[in-house]
Amino acid sequence: MGRRTFMKWSQSLIRTLREAPREAEAVSHKLMLRAGLARKLAAGLYTYLPLGLRAIRKVEDIVRQEMNKKGAQELLMPTLQPKELWEQSGRWDDKELGMLKLKNREEREFVLGPTHEEIITDLVSKEVRSYKELPLNLYQIQTKFRDEMRPRFGMIRAREFIMKDAYSFHVDEGSARKGYQDMYEAYSNIFRRCGLKTQVVEADPGAMGGSKSEEFIALADSGEDIIVSCPQCNYAANLESAQQGDEQLRKSREKMKLLEEIETPGIKTIKELEDFLGEKPEKMIKTLIYSADGKTVAALIAGHRELSEVKLRKNLKCENLEMADERLIEEVTGGPLGFSGPVGLKKVKIIADVGVTKIVNGITGANKQDKHIRNVNMGRDYNPDEVADISYVREGDRCPKCSHELAMRRGIEVGHIFNLGRRYSQSLGAKFLNEKGEETLAIMGCYGIGITRTVAAIIEQNHDENGIVWPMSVSPYQVHIILLNVNSRETVKVADNLYNQLTGEGVETLLDDRDERAGVKFKDADLIGVPLRLIVSPRRVAEKKAEIKHHRDGRELLIAIGQVREKVKELIQENLSSYGQA
RNA sequence: CGGGGUGUAGCGCAGUCUGGUUUAGCGCGCUUGCUUCGGGAGCAAGAGGUCGGCGGUUCAAAUCCGCCCACCCCGACCA
């Protein structure tokens with residue numbers, strides 16, 4: 001059991017803070033600083049102090065166990081990666097990964113690894129020859145660098161962080177599906193054992209490429225992801241890719257009226273239009289001009305909705321998607337920015353959001369300075385080239401599967417599994433000979449877990465007003481001995497004995513042997529949040545007893561000193577199994 | 001990168017608007033001594049600050065002006 005270490009508080013670098021630095025906003029961030037788990041070096045860069053590192057190692061151990069159980073093998077790749085491989089995969093100029101590039105003295109270019117598809121695929125392409133050697137699942141636990149545009153929420157979004165990344169290689173689709181399913185199960189086990197409640201959602205593969213991907217989201221108020229889920233059926237998706245149900249899209253019975261041009265001096269935004277005309281945004285057709293891989297596209301969205309660039313990009317199957325600048329807008333629409341509309345638009349592809357089809361007598365830009373048009377109707381006044389789901393789901397929308405009202409919640413993405421297909425094996429040449437002797441491209445999957453972020457997520461979900469409430473499985477220590485009154489020789493002796501006994505048995509024990517008053521020690525214990533607390537005081541020692549307290553629910557036991565060792569071990573086991581410890 | 005905000009002792013803050021009376025202050029923490037000792041103790045004595053940086057205005061700048069930097073929050077990206 002456990003990591004055997006000796007830790008007396010008086011000799012350790014455990015520094016608690018009474019108040020959190022102002023820069024910390026998220027609960028996990030505040031508590032990690034206050035409880036002395038980590039310290040900031042610069043934005044998005046943290047030093048993990050001994051206590052924090054222990055929690056990180058605990059999570060890593062769980063990850064290793066569950067990965068190994070599925071036959072995955074651990075290896076370790078370099079963080080510094082040569083430009084050439086990234087050019088081969090076509091990702092050297094990828095903007096999404098936040099690559100931190102650098103040159104050595106010989107002007108050779110490198111990137112500090114934001115992810116390792118290139119490296120692992122290159123390795124496997126060199127090592128694997130035959131279908132008999134597959135499938136393979138290789139993983140590492142390593143520091144990743146992403147030059148985030150905006151590090152946030154402390155350890156939840158850092159520039160440098162620890163990640164477990166796994167990559168699988170398969171001979172065919174069936175095997176790839178099995179590999180993906182294995183990881184799905186491993187991930188479910190890992191997060192459950194970490195004491196995290198997660199929700200799996202459909203996601204967009206984004207920069208990784210590939211077909212299918214799902215995210216494991218830890219529900220938390222300070223999460224940056226918004227997830228959409230159906231309380232009725234099992235539908236759940238990331239806001240970026242959540243689909244709109246059809247139910248909310250009722251077409252009004254209004255009769256079509258004649259087109260009418262109206263004066264709207266300086267009125268450019270939907271909000272301004274709403275105030276100016278006194279009409280609901282639902283009646284307006286917002287026209288957004290985009291440049292997609294050099295081609296111009298007009299996206300039509302109902303005024304009260306927002307365009308999802310992720311959905312639009314997917315629909316257009318384009319790499320680069322940017323909003324058009326004023327010059328381009330004038331060129332293609334003939335009118336200035338803020339007055340675009342679909343009527344009479346000729347030179348561009350028009351994609352209408354599904355909701356737009358239901359707008360009767362809509363209001364939209366006239367493609368002329370200070371003019372809008374009223375009573376615009378699809379089919380009569382304009383025809384989109386395509387109708388697609390390209391806007392975000394909103395509060396109150398219906399489930400695409402069962403039409404129940406959707407719920408929106410915040411969460412932290414702690415894990416992400418992807419089916420990559422042949423994208424990297426293709427570009428980096430990961431081929432093998434199949435049974436028939438034919439050269440075949442491996443089908444790949446990749447599976448990530450943000451380790452340091454997971455620790456933060458655990459704290460987000462496991463804390464109270466006084467501090468962290470660690471699940472036993474990931475707590476830096478299992479037992480926290482609080483020695484009250486270091487001036488009582490007898491008490492100190494008992495505490496020392498218990499400490500040595502427990503530590504000797506592999507129980508991870510922290511002994512607070514500081515010369516501090518009881519209140520200080522209790523407050524610090526509340527902050528640090530070790531699940532079992534053993535209180536050794538002159539009062540109890542006189543009775544030859546000690547107190548054991550459960551931090552989570554405050555349950556207390558009075559135990560004869562001689563029986564503490566057994567009881568503690570029993571409680572630890574009991575506690576671990578409640579998180580599904582293997 | 002766009003928008004908003006903050007930089008004064010290790011942490012939390014006041015002072016800045018209305019320049020000089022501040023030798024730059026308060027709480028917590030830190031050091032020493034005495035008392036106290038089951039929920040962040042009391043008394044006493046201390047240590048600790050180029051007021052984010054640079055430049056300007058002024059007899060005089062934490063305070064006014066300019067530039068820069070750092071950090072935080074909201075947006076686009078991700079584990």
Side-chain angles (χ1 to χ4, degrees), chain A residues 15-26 29-30 33-34 39-45 59 63 94-99 114-116 141-166 187 203-208 213 215-218 222-225 238 240 306-310 313 321-323 411-418 446-457 466-467 482-488 491 515-527 533 535-540 547 549 556:
Chain A
R15 294 299 119 91
T16 58
L17 281 104
R18 196 173 250 192
E19 286 173 289
R22 186 171 40 182
E23 68 201 30
E25 184 90 356
H29 191 192
K30 283 184 183 164
L33 296 176
R34 288 229 289 138
R39 290 290 182 258
K40 186 180 77 175
L41 174 64
L45 301 176
V59 172
V63 168
D94 195 299
K95 277 160 243 149
E96 292 182 14
L97 287 166
M99 292 200 280
T115 180
H116 282 71
I141 294 177
Q142 193 222 33
T143 298
K144 294 279 188 282
F145 297 85
R146 288 188 191 168
D147 198 9
E148 296 287 346
M149 348 188 173
R150 175 141 107 91
R152 238 202 288 214
F153 299 142
M155 260 103 325
I156 293 175
R157 184 189 205 78
R159 284 206 161 90
E160 187 178 320
F161 58 98
I162 301 172
M163 174 164 147
K164 187 283 306 185
D165 46 326
Y187 276 36
D204 179 72
M208 294 300 165
S213 97
E215 291 171 352
F216 285 74
I217 307 283
S222 58
E224 355 171 49
D225 292 291
N238 191 309
E240 264 78 53
E306 301 237 18
L307 177 85
S308 160
E309 292 193 1
V310 170
R313 183 176 289 136
L321 183 70
E322 283 175 353
M323 283 199 88
I412 300 163
E413 182 186 350
V414 285
H416 201 156
I417 56 179
F418 299 83
C446 95
Y447 320 93
I449 289 180
I451 301 282
T452 35
R453 174 183 280 187
T454 295
V455 172
N466 298 313
I482 297 180
L483 163 58
L484 296 183
N485 199 341
V486 292
N487 299 314
S488 152
T491 313
D515 183 9
E516 287 288 354
R517 299 166 59 86
V520 172
K521 294 195 176 195
F522 285 130
K523 286 289 182 191
D524 275 342
D526 290 344
L527 228 197
R533 202 172 285 179
I535 301 158
V536 181
S537 66
R539 190 196 296 173
R540 296 301 180 210
E547 288 165 50
K549 190 170 178 182
E556 275 182 5

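It should be emphasised that the depicted structure is a prediction, and the values quoted were computed from it without experimental measurement.
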Quiz item: When you compare B/A79 with B/C37, how far apart are their C1' atoms, in angstrom units rounded to a whole number?
Solution: 48 Å
Practice problem: Using a 4.0 Å heavy-atom cut-off across all strands, classify A/Asp165 as base, sugar-phosphate, or nothing. | Solution: nothing
Quiz item: Hey, does A/Arg152 reach any base, or is it just sugar-phosphate, or nothing, if we go heavy atoms under 4.0 Å?
Solution: base
Practice problem: Using the P atom as the reference point in each nucleotide, state the distance between B/A9 and B/G49 in Å, no decimals. | Solution: 10 Å
Quiz item: Is a donor-acceptor contact shorter than 3.5 angstrom present between the side chain of A/Arg517 and the base of B/U36?
Solution: yes
Quiz item: Now, which nucleotide makes the Watson-Crick or G-U wobble pair with B/U63, with each of the two distances under 3.5 Å?
Solution: none
Quiz item: What does A/Arg159 touch in the nucleic acid at a heavy-atom separation under 4.0 angstrom: a base, only the sugar-phosphate, or nothing?
Solution: nothing
Practice problem: Whole angstrom is fine here: how far is it from CG in A/Asp515 over to P in B/U32? | Solution: 11 Å
Quiz item: Looking across every strand, which nucleic acid part, if any, lies under 4.0 Å from A/Gly450 by heavy atom: base, sugar-phosphate, or nothing?
Solution: base
Quiz prompt | Gap in Å between the two P atoms, one belonging to B/U63 and one to B/U16, rounded | solution = 12 Å
Quiz item: With sugar-phosphate meaning primed atoms plus P, OP1 and OP2, does A/Arg39 contact a base, only sugar-phosphate, or nothing at under 4.0 Å between heavy atoms?
Solution: nothing
Quiz item: What is the nucleic acid contact for A/Ala158, judged by heavy atoms within less than 4.0 Å: base, sugar-phosphate only, or nothing?
Solution: base
Quiz item: With a 4.0 Å cut-off on heavy atoms, is A/Lys144 in touch with a base, just the backbone sugar-phosphate, or nothing at all?
Solution: nothing
Exercise. Using a heavy-atom cut-off of under 4.0 Å over every strand shown, decide if A/Glu547 touches base, sugar-phosphate, or nothing.
Key: base
Exercise. When you get a sec, tell me which of B/U6, B/C78, B/C11 is the closest nucleotide to the side chain of A/Arg22?
Key: B/U6
Exercise. Look at A/Arg150 and B/C74 and indicate whether a side-chain polar atom (N or O) is within less than 4.0 Å of OP1 or OP2.
Key: yes
Exercise. Look through every strand shown and name the nucleotide pairing with B/U23 as Watson-Crick or G-U wobble, where both distances are under 3.5 Å.
Key: none
Self-check item: P spacing across the pair B/C68 / B/U58, given as an integer number of angstrom
Solution: 23 Å
Practice problem: Return the nearest nucleotide to the side chain of A/Val520; candidates are B/A41, B/C73, B/A79. | Solution: B/A41
Quiz item: Is a side-chain donor-acceptor pair under 3.5 Å present for A/Thr16 with A/Asp524?
Solution: yes
Quiz item: If you measure from the P atom in B/G66 to the same atom in B/U18, how many Å do you get, rounded?
Solution: 14 Å
Self-check item: Base paired to B/U58 (Watson-Crick or G-U; both N/O distances under 3.5 angstrom)
Solution: none
Quiz item: For A/Met149, which contact category applies under a 4.0 Å heavy-atom criterion: base, sugar-phosphate, or nothing?
Solution: base
Practice problem: Check if the side chain of A/Arg453 and the base of B/C78 share a donor-acceptor pair of N or O atoms closer than 3.5 Å. | Solution: yes
Quiz item: Counting side-chain heavy atoms from C-beta on, which of B/C78, B/C11, B/C72 comes nearest to A/Arg146?
Solution: B/C78
Quiz prompt | Sugar-phosphate, base or nothing in reach of A/Ala24, heavy atoms under 4.0 Å | solution = nothing
Quiz prompt | Residue matched to B/A41 through Watson-Crick or wobble contacts both under 3.5 angstrom | solution = B/U35
Practice problem: Could you check whether A/Tyr187 gets within reach of a base, just the sugar-phosphate, or nothing at all, counting any heavy atom under 4.0 Å? | Solution: nothing
Quiz prompt | Nucleotide opposite B/C51 in a Watson-Crick or G-U pair, distances under 3.5 Å | solution = none
Exercise. Could you work out which one of B/C71, B/G12, B/A79 sits closest to the side chain of A/Pro21?
Key: B/G12
Exercise. For nucleotides B/G42 and B/G29, find the distance between their P atoms and express it as a whole number of Å.
Key: 8 Å
